[in-house]
Amino acid sequence: MDFSSFQFLFSIFLLLSFFPFSFSEIRFSEIRNDDRPIVPFDQFGFTHNGRLELNVSKISLSNSNLDLSKVGFFLCTLDSWLHVLQQLEDGEIRCALQSDLVKSVYTFNSLNGKDSFNTLYNETDSDQYNLVFANCHPQQLKVTMDVNSAMYNLDGKSNVRDYLSAGSTILPRVYFIFSLVYFTLAAVWISVLYKKRLTAFRIHYFMLAVIFLKAVNLLCEAEDKSYIKRTGSAHGWDILFYMFSFLKGISLFTLIVLIGTGWSFLKPFLQDKEKKVLMIVIPLQIIANIAQVVIDESGPYGHDWVTWKQIFLLVDVVCCCAVLFPIVWSIKNLREAARTDGKAAVNLMKLTLFRHYYVVVIFYIYFTRVVVYALVTITSYRYSWTSVVAAELATLAFYVFTGYKFKPEAHNPYFVIDDEEEEAAAEALKLEDEFEL
Ligand SMILES: *[C@@H]1O[C@H](CO)[C@@H](O)[C@H](O)[C@H]1NC(C)=O
Ligand SMILES: *[C@@H]1O[C@H](CO)[C@@H](O)[C@H](O)[C@H]1NC(C)=O
């Protein structure tokens with residue numbers, strides 16, 4: 001691994017800690033004998049017409065002789081939370097619920113001995129809020145309760161509920177449009193395969209499967225998000241989505257490895273070390289997908305969310321680095337072949353192709369992992385969809401590049417070269433060697 005790969009790894013870990021999420025569904029949490037002073041529940045981007053439904057039942061407090069106005073739920077933006085922490089530190093207030101920067105939703109002094117309450121809170125200041133529970137008697141009080149919460153925005157005129165956070169509400173449409181683009185690409189690829197069927201290799205049929213899985217995956221994600229938008233839950237589409245994400249992830253990484261090794265158009269078999277890469281990447285993808293499911297379903301404040309997020313990022317980074325090795329090996333082999341064997345120029349052209357491919361794979365990985373996370377961090381919650389669009393555009397560009405460069409062709413310029421070109425290329429190789437010295 002060279003220096004740039006290390007830099008790449010480092011920036012991923014750096015960004016890992018700043019990834020703000022916007023979740024949106026109806027959530028259920030059980031709190032049992034909890035003495036944490038602060039329990040965050042969920043995060044949501046409200047418009048001017050936002051609602052929070054909070055139903056809490058089976059409340060039992062270990063000590064009821066305390067001032068219960070210092071126990072309860074509130075909404076707070078991240079910015080004001082930092083100010084509240086400052087106020088607490090400076091001793092201006094004793095309890096987060098006393099700060100005028102938080103929006104108190106329900107304090108337990110209103111319980112009057114009941115063990116449950118339902119409340120509807122209207123939020124009219126558009127911003128991204130966190131729903132938080134504060135217990136300002138952490139040493140003396142343990143709380144047990146079942147919390148059902150739902151946050152949604154009401155659509156201007158029709159008062160229809162929209163359970164997607166303000167910046168994510170157009171995501172179903174975005175995913176649907178991209179899935180149409182991939183279905184079109186799949187159709188184009190089928191016609192290419194049909195026209196060039198005599199020169200198509202097995203890998204070209206595999207590419208068709210990869211495009212198709214990507215299209216179906218996007219369609220499932222569009223359905224998943226659109227059900228959540230309308231009803232607050234995915235109605236089973238999430239399961240289909242996870243299934244196709246899994247197949248798509250495995251097939252894409254396998255494709256990058258196979259193309260990187262030159263399988264089926266440079267050579268008909270895989271070497272042992274290349275097979276080993278696949279044997280590492282595929283199980284890691286399984287782990288990555290399990291982590292993704294846990295992350296998505298539990299929300300940013302769920303149990304072990306951070307652990308699973310770290311597992312996911314680690315596994316993802318390992319997969320991304322692993323798929324680069326076969327390309328590097330191919331480049332090395334081609335370089336050696338270009339020096340020793342008579343067909344220097346042909347090998348040099350292949351070498352150029354593989355170098356381009358290496359750069360594009362790095363760019364794709366870097367963009368979809370680092371740039372996109374950076375974009376999520378710097379854009380306002382209202383524009384969180386832009387990072388999804390950026391990631392999907394980069395992915396689309398990567399698919400199109402791969403398909404275009406490795407398309408089946410009777411006279412592939414990379415593999416059939418006339419004498420004149422061979423001489424020119426040999427000249428270029430000489431120059432390059434001198435330059436390196
Ligand atoms: C919130 O808005 C709804 C509908 O406009 C209204 O019925 C309800 O009383 C409001 N609640 C509060 C706490 O203002
Ligand atoms: C809260 O309770 C009300 C009334 O029982 C119900 O209509 C609503 O769906 C509940 N909301 C949640 C999030 O459980």
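Sequence positions, counted from 1, serve as the residue numbers for this chain. Heavy atoms only: backbone and side chains are in, while hydrogens, waters and symmetry mates are out. What you are looking at is a predicted structure, and each value in this text was computed from that prediction instead of being measured. For ligands, and for the atoms within them, numbers begin at 1 and follow the listed sequence.
- Closest to atom 7 (O) of ligand 2 among all protein heavy atoms lies Glu53 OE1, 5.0 Å.
- With hydrogens and angles left out, the side-chain atoms of Ser69 and Asp67 include a donor and acceptor closer than 3.5 Å.
- Atoms of ligand 2 lying under 4.0 Å from at least one heavy atom of Asn148, given by number and element, are 14 (O).
- Rounded to the nearest 0.5 angstrom, Arg161 CZ and Lys229 NZ are separated by 14.5 Å.
- Annotation: cation-pi pair Arg197/Tyr194 present, NZ/CZ under 6.0 Å from the ring centroid and within 45° of its normal.
- There is no side-chain donor-acceptor pair under 3.5 Å between Thr77 and Asp79.
- Among protein heavy atoms, atom 1 (C) of ligand 2 sits closest to Asn55 ND2, 1.4 Å.
- Put simply, atom 9 (O) of ligand 2 has protein non-hydrogen atoms near it, under 4.0 Å away.
- Side-chain contact between Ile259 and Met207 is present, with at least one heavy-atom pair separated by less than 4.5 Å.
- The protein non-hydrogen atom at the shortest distance from atom 4 (C) of ligand 2 is Asn118 ND2, 3.7 Å.
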